[in-house]
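Each remark here refers to the structure printed beneath this line.
Below, each value reflects all heavy atoms present in this structure, side chains not excepted, and no hydrogens, waters or symmetry copies. Every chain is numbered from 1, with letters handed out A, B, ... down the list of sequences.
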Amino acid sequence: MTTYTPRQAEAIACLREPLQIIACAGSGKTQVISQRIASILAQPDVEPKNIIAFTFTEKAAAELRERILSILEKEDFDTLGLAEMYVGTMHGYTLDLLQRLVPETFKFSVLTEITSRMLVDRSSRKSGLTGCPTSSSGTPYLHRFLHSRLFLQAMSVLREDTVDWDQVPAGVVSAFESYTRLLYEHAYFDFTEMINLAVQLLEDGDDDQSARVVRQHVRNDVRYVVVDEYQDVNPLQERLVRGLTQFGANLCVVGDDDQTIYQWRGSEVSNIVTFKDRYPGVRQVTLGENFRSSEGVVEVGRSVAERIPEDSRLPKAMVRAGHQKWQRGDMIARAFGDEISEAAWICDRLEAMRGLAFSDTAEADPRGLSWSDFAVLFRSVANDAGPLVEEMRSRDIPYVVKGLNRLFDSPEIQAVVGVFRYMAGLISVADLRRLWDLASLLPVNAGWAEALAVLDEGRDFYRGQRWGVYNIQRLYLEFMEVLGLREETVPGDPVRRELVFYQLGKFSQAISDFEQIYFNTDPLQKYEAFAAWLEHQARRYYAESDGDVGYATPDAVVLTTVHQAKGMQWPAVFLPCLRANRFPAKRQGGLGLFHVIPEVAIGEADRYKGTLDDETRLFYVAVTRAQKYLFVSFSPGPNRLYRRRSAFFDHCAAQQWFSTRDNGVPTDAPRLEPRARVDIPSVTLSFSELKYLFECPYQFKLRFLYGFNPPIHEALGYGKGLHDALAEVHKRAITGDLTSSQEAESLVTRHLHTPYAYPELKATLHRAAVQAVQRYLREHETDLERTVHSEKQIQVHVAPGVTVDGRIDLVRRLDTDELAIVDFKSTARAQDEDVTRDQLHVYAVGYEELTGQRADLIEVLNLDEEGKTIREEVEDPLLIAVRARIKEAGDSLRENNLPRLPAWGEQCGKCDLAELCRDVPPSAKSERRAATGR
DNA sequence: TCTCTAAAGTTTTTT
DNA sequence: ACTTTAGAGA
């Protein structure tokens, strides 16, 4: 049983008035939030669906969810309905809210930073980009490609910030209008727009139909809102919080103003600083006890925070409360003459400290420090980490770098990029061959000539075929297939093979991103645009190491940025390269936000500039990551801007806790066998991921770990549209509004979105969808009123760390009064029946966990004319078996044990990626060509 | 202490 | 592509 300090207990027990928890670094914040949510749930009249908990990242959400579940399980709490408690990001919440309650948005899809930029560049006039004026004399208007990033930043700020529209130039206003119009025309949300739309609906009166439904739901169901990392909330997100609590829901915000490090992305510190003045009757609880670090680390952290002017901080004093002891020599500040000796010193230290005895908690037995207990934090990994990486490589110290290697720098990807430079006519066959030899990518018996033939056929743009035929993804996969390039044919050892395939998979992902926007473009232009995009833009966006292959965390020293280290801790932390103009960083030049939107139009515009205070907060975060050992160091950088010491370095060196000389690790210091801290990574699987994992583990690996995507199909969106139309029908049925078959046409018009179809196909699909919906409404006219749930969110916690979540299409009562779980399928080419049955049994397990009710039957209802319906009983042995299979799947995933099927099987015939895995037997070839259109 | 010129340029979540 | 900074020269 966890014991809590009086302050922590006060926060946990405070459930009535608005609560602000000011949580210093290492104060056990997540535990307190989790326990508080458990006490909310313990109240007799509260249901899980009454609770919303916001985190900033998905990772933080997963952690919080796991923590809450473990508390509830320990307290033997009834977890009925728990899937309906929302724990996640604001983006996820608003998207879910809209796509559950506002039928017009069902068909919307989400643009990423990459795809929104492509959209803006592709439609540079319609998006408002090239009509957007600036205040710089050299650049009266923004340019295509060059300024799309800046343009999108301005478009976000206009919605996320408090804007005085009278101060915004008319040209910028009309560019903004063009941009939002373009989004809605294409049924896209960017990351800001989903929150923006939800906020509009929450703030609107009840006269708009959608607003009424959304507000009604919030009024009835939302009773507790918790916001973690409140210091990073921007003004729009603050409005969302306001909107959700406007009908009296309790609000609890948690954060630390000293750890505001994303202000350049819009977070507004004043939200947290003035919270008490903006909400009535706020109870403030300060968690000042730091359980993480030694007194030396805590005191230095406090002194850094005190460099921030008092009037922009909440008053607080962090004190040490943990068991770590400070000893002279634990903290060292050293300056070096050059980068090489600084890197060498860090490596000496790492080697000398490995094996030192260390206790994670007061109770735990000490263990020897291992590689993964050390972190090196940089202000800029991309600019400063080079020399240290070099040194660690030469000494064979295991490490992982986050943010140094760009995917497109590797010779392997340059070889692949060459393929598309060849396609665009920029290089010759000989150049291409040279690139592939240089990357040593060619398999032993590579079919080079055949592969070139594939390219040349693809390059014949005047065959008069439909544009959709010139599919980049298909060409890429076919090129690899014909070349015979598979994971086991990549030259080199298995480690290299895996890495190369991971890179090739990421490239496939990049193609998908591109084709999502450029699918309907004249083929020649499309290939030219792709080559140009690869050359100029793609390289900035795709980092080689941002997804590690597999879920296992290696025992290695972590090299990362301070930003990415937020929320983490290590026994020993190094902060090297503390140079003036780098940390604190100097402001960047160039055309900036204020050339588009004048400073006076934005409240608190300073935060977009990156001030000294912001850098100080970042340094505070860096320092407080250390549990015991902290090493700050300086060496002059390669050019004259970085020759002087950082003020932060001098600050540390002046503190008594630091030694300025290294006397080495004391020879009598206790040592133990190095043993890494064991983290069991938690795995959350969606239904579709689970489906692939059951079907073929290697297919799962190719798709989700490497990132290979099948080519875009022109009819994409048909199944989703049908699905959404029926979802609306059933949701209305629950409220007693039964849809007649005359409405099929308008339902399909609202929900069917087939952006990749050529006009004739579009019309065909529309007709087919209307017929399918009519047929469904006719055949199920009388069932509609027996609809129990539509799109029911479920979640199954299979074992510690293994969760499956997904949605059940429909739950309804049959004439026989039995309860049936229904899943819709819309393609005649239905999946393997075994998998469908497994999947449905997962639904049954989830439904039982959610409602405590047992479903009697599971049904697969095919919406196609000749499609058959599968119906079968829910049986206990199957439920138990499915649970065991999920757990097994989760375990093999964590062990990265994802083998191919032993031989070509029926599933392989339906797998789009089979050729990347093994030879297709001659008997399967013709059938396959028919099925995949190749 | 002022003025001019050359040289340099970060961090990154969100389905 | 433009603003900040260091350092030279006045």
Side-chain angles (χ1 to χ4, degrees), chain A residues 54-61 88-99 105 108-116 134-139 142-143 145-147 149-150 152-153 156 160 188-196 198 229 232-234 236-237 240 260-267 377-385 402-403 513 516 540-543 546 560-567 577 579-595 607-611 614-615 617-619 621-622 636-644 686 688 805:
Chain A
F54 288 132
T55 60
F56 243 74
T57 62
E58 267 312 311
K59 196 171 141 237
T89 63
M90 294 196 187
H91 297 84
Y93 177 79
T94 50
L95 187 64
D96 187 58
L97 183 80
L98 294 167
Q99 300 202 324
T105 67
F108 275 55
S109 57
V110 180
L111 292 175
T112 62
E113 193 187 344
I114 299 168
T115 49
S116 52
T134 86
S135 60
S136 152
S137 52
T139 322
L142 295 183
H143 293 298
F145 304 120
L146 207 53
H147 297 136
R149 232 157 96 106
L150 172 62
L152 282 165
Q153 188 195 4
S156 292
E160 286 175 350
Y188 282 132
F189 284 134
D190 64 11
F191 286 128
T192 306
E193 193 52 30
M194 44 194 164
I195 300 185
N196 191 38
E229 304 285 9
D232 280 330
V233 159
N234 67 36
L236 180 66
Q237 292 166 332
L240 175 66
T260 310
I261 59 172
Y262 286 113
Q263 60 300 110
W264 44 274
R265 255 170 19 197
S267 350
L377 309 183
F378 293 89
R379 176 68 240 258
S380 163
V381 167
N383 289 291
D384 293 339
K402 303 204 166 141
D513 287 342
Q516 190 193 330
R540 324 169 53 97
Y541 285 112
Y542 297 88
D546 69 354
T560 187
T561 61
V562 182
H563 283 92
Q564 290 194 354
K566 193 181 185 188
C577 307
R579 301 163 182 157
N581 291 322
R582 165 107 307 133
F583 199 0
K586 101 179 166 56
R587 264 187 78 187
Q588 257 207 331
L591 205 62
L593 179 64
F594 299 129
H595 294 262
R607 62 195 207 281
Y608 292 106
K609 291 181 186 164
T611 62
D614 296 332
E615 295 290 311
R617 283 186 267 263
L618 190 59
F619 190 66
V621 169
N639 66 50
R640 59 176 199 170
L641 261 180
Y642 306 113
R643 283 216 289 252
R644 290 176 305 118
S686 69
S688 67
D805 56 25

Discussion item. With rounding to the nearest 0.5 angstrom, report the CG to CD distance, Leu111(A) to Glu193(A).
Written reply: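 Reported to 0.5 Å precision, the distance equals 11.0 Å.
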Worksheet, complete the sentence: Separation between CZ (Phe619(A)) and CD1 (Ile261(A)), nearest 0.5 Å, reads 14.0 Å
Item to complete: Classify the ring geometry between His563(A) and Tyr262(A) as parallel (under 30°), tilted (30 to 60°) or perpendicular (over 60°).
Response: tilted
Item to complete: Evaluate the ring planes of Phe189(A) and Phe108(A), with Trp represented by its six-membered ring, and classify them as parallel (under 30°), tilted (30 to 60°) or perpendicular (over 60°).
Response: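 The arrangement is tilted - the two ring planes meet at 30° to 60°.
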Candidates [options] - which lies nearest the side chain of [X]:
{"X": "Arg265(A)", "options": "dT13(B), dG9(B), dT15(B)", "value": "dT13(B)"}
{"X": "Phe191(A)", "options": "dA6(C), dT10(B), dT15(B)", "value": "dT15(B)"}
{"X": "Leu591(A)", "options": "dC2(C), dT12(B), dA8(B)", "value": "dC2(C)"}
{"X": "His563(A)", "options": "dT14(B), dT12(B), dG9(B)", "value": "dT12(B)"}
{"X": "Ser380(A)", "options": "dT13(B), dT10(B), dT12(B)", "value": "dT10(B)"}
{"X": "Thr561(A)", "options": "dT13(B), dG9(B), dT12(B)", "value": "dT12(B)"}
{"X": "Leu641(A)", "options": "dT12(B), dT10(B), dT5(C)", "value": "dT5(C)"}
{"X": "Ala585(A)", "options": "dT12(B), dT10(B), dA8(B)", "value": "dT10(B)"}

Rounded to whole angstrom units, what separation is found between the [atom1] atom of [X] and the [atom2] atom of [N]?
{"X": "His143(A)", "N": "dC2(C)", "atom1": "NE2", "atom2": "P", "value": "9 Å"}
{"X": "His595(A)", "N": "dA1(C)", "atom1": "NE2", "atom2": "C1'", "value": "9 Å"}
{"X": "Asn581(A)", "N": "dA7(B)", "atom1": "CG", "atom2": "P", "value": "17 Å"}

Worksheet entry | dT12(B) to dC2(C) separation - P atoms, rounded to the nearest Å |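 26 Å, rounded to whole Å.
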Please classify the nucleic acid contact of [X] as base, sugar-phosphate, or nothing, using heavy-atom distances under 4.0 Å.
{"X": "Val381(A)", "result": "sugar-phosphate"}
{"X": "Thr112(A)", "result": "base"}
{"X": "Asp232(A)", "result": "nothing"}
{"X": "Gln564(A)", "result": "sugar-phosphate"}
{"X": "Tyr93(A)", "result": "nothing"}

Fill in: Intra- and inter-strand pairs of DNA chain B in dot-bracket (Watson-Crick or G-U wobble, both distances under 3.5 Å; | for another strand)
|||||||||......
Worksheet item: Closer to the 5' end of DNA chain C via nearest nucleotide, is it Leu146(A) or Arg643(A)?
Response: Leu146(A)
Fill in: Backbone of Tyr93(A) reached by a side-chain donor or acceptor of Asp96(A) within 3.5 Å
no
Worksheet item: Considering the options Gln263(A), Glu160(A), Met90(A), which one meets the side chain to side chain contact (heavy atoms under 4.5 Å, CB included) requirement together with Asn234(A)?
Response: Glu160(A)
Worksheet item: Honestly, is Arg582(A) close enough over Tyr642(A), meaning NZ or CZ under 6.0 Å from the six-membered ring centre and within 45° of the axis?
Response: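 Pair Arg582(A)/Tyr642(A) counts as cation-pi.
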Worksheet item: With respect to the phosphate group of dT15(B), does any side-chain polar atom (N or O) of Thr89(A) fall under 4.0 Å of OP1 or OP2?
Response: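 For dT15(B), OP1 or OP2 has a side-chain N or O of Thr89(A) closer than 4.0 Å.
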